[in-house]
Amino acid sequence: MKFAATLLVAICLAFASHASPEPTADSETAIEPSEAPVMPIRVGGPCTYETSEIDATVLQVADGQVSMSQAEDRNFNLAAAAFTAPPVAGDVIRVTKRKITKGTCQPLIYTLAVPPADETPPAN
């Protein structure tokens with residue numbers, strides 16, 4: 001056992017003595033830590049969603065947010081700027097709900113449902 005430990009130390013010392021020298025400040029290959037490439041951190045990976053359209057009721061409009069609710073879901077907010085006409089409490093609005101089925105991304109995503117280009121939304 002003592003021989004194995006001695007051999008391991010000898011190998012480590014041999015590699016350390018043959019290591020390439022540290023680049024100097026005037027070396028063309030020197031990279032400052034602030035210039036080192038930064039690899040983006042990927043969070044969640046590829047995700048898949050089940051998409052459905054729901055009718056959601058506007059609860060309130062305040063501070064640029066529209067609070068909405070759908071019977072079986074929790075409440076959620078959409079940006080007031082996403083609406084073509086300002087909604088008021090009690091309005092029922094068609095919303096696209098995307099529920100995650102694979103991955104670790106955002107579990108629920110709500111957006112305003114957009115009618116197909118050849119379909120005119122019904123007048124209220």
Side-chain angles (χ1 to χ4, degrees):
M1 185 68 147
K2 185 176 181 181
F3 174 74
T6 305
L7 181 60
L8 181 60
V9 170
I11 291 172
C12 290
L13 291 174
F15 277 114
S17 66
H18 288 68
S20 60
E22 291 289 321
T24 60
D26 59 341
S27 170
E28 291 181 26
T29 60
I31 297 177
E32 293 295 319
S34 61
E35 297 172 358
V38 177
M39 299 302 291
I41 297 172
R42 188 172 185 169
V43 178
C47 296
T48 55
Y49 289 86
E50 175 184 273
T51 302
S52 60
E53 289 198 358
I54 61 171
D55 290 321
T57 304
V58 174
L59 300 174
Q60 78 176 42
V61 179
D63 301 323
Q65 295 291 312
V66 178
S67 296
M68 305 182 82
S69 178
Q70 198 252 341
E72 70 240 19
D73 284 332
R74 60 183 170 197
N75 297 347
F76 59 94
N77 294 327
L78 293 177
F83 294 82
T84 54
V88 294
D91 284 353
V92 176
I93 298 176
R94 195 75 160 160
V95 175
T96 300
K97 173 184 169 184
R98 295 176 60 206
K99 184 176 182 179
I100 194 164
T101 58
K102 179 182 175 193
T104 58
C105 302
Q106 182 74 24
L108 291 170
I109 300 173
Y110 296 94
T111 55
L112 286 178
V114 179
D118 60 344
E119 184 180 311
T120 304
N124 289 338

Exercise. Sub-3.5 Å donor-acceptor pair from the side chain of Thr101 to the main-chain atoms of Thr48, do we have one?
Worked result: yes
Exercise. What about Leu59 and Phe83, same hydrophobic cluster or not, with Ile/Leu/Val/Met/Phe/Trp/Tyr joined at side-chain heavy-atom distances under 4.5 Å?
Worked result: no
Exercise. Should Leu108 and Leu78 be counted in the same cluster of Ile, Leu, Val, Met, Phe, Trp and Tyr side chains packed under 4.5 Å apart?
Worked result: yes
Minimal non-hydrogen separation, [X] against [Y], with atom names:
| X | Y | value |
| --- | --- | --- |
| Ile100 | Cys105 | CD1-N, 3.4 Å |
| Gly103 | Cys47 | CA-SG, 3.8 Å |
| Leu112 | Ala82 | CD1-O, 3.1 Å |
| Pro87 | Ile93 | CB-CD1, 3.9 Å |

Problem set entry | Verdict with reasoning, Gln70 to Thr57, per side chain to side chain contact (heavy atoms under 4.5 Å, CB included) | CA-CA 6 Å; Gln70 198 252 341; Thr57 304; over 6 Å; no
Exercise. Nearest 0.5 Å, what's the OG-CD1 distance between Ser69 and Ile54?
Worked result: 9.0 Å
Problem set entry | Distance, nearest 0.5 Å, that separates NZ of Lys99 from OH of Tyr110 | 9.0 Å
Exercise. What pairs with Thr111 under side chain to side chain contact (heavy atoms under 4.5 Å, CB included), at least two apart in sequence or on another chain?
Worked result: Thr96, Ile109
Problem set entry | Side chains of Val88 and Val58 in contact at under 4.5 Å (non-hydrogen atoms) | no
For this session: Establish, from distance only, whether the side-chain atoms of Ser67 and Asn77 form a donor-acceptor pair under 3.5 Å.
Result: yes
Seminar exercise, completed: Residue set satisfying salt bridge (charged side-chain N to carboxylate O under 4.0 Å, His left out) with Glu53, at least two apart, ordered chain then number -> Arg94
Exercise. What residues form a side chain to side chain donor-acceptor pair (under 3.5 Å) with Thr51, not counting sequence neighbours?
Worked result: none
For this session: List the steps, then state whether side chain to side chain contact (heavy atoms under 4.5 Å, CB included) holds for Tyr49 with Lys97.
Result: CA-CA 9 Å; Tyr49 289 86; Lys97 173 184 169 184; over 6 Å; no
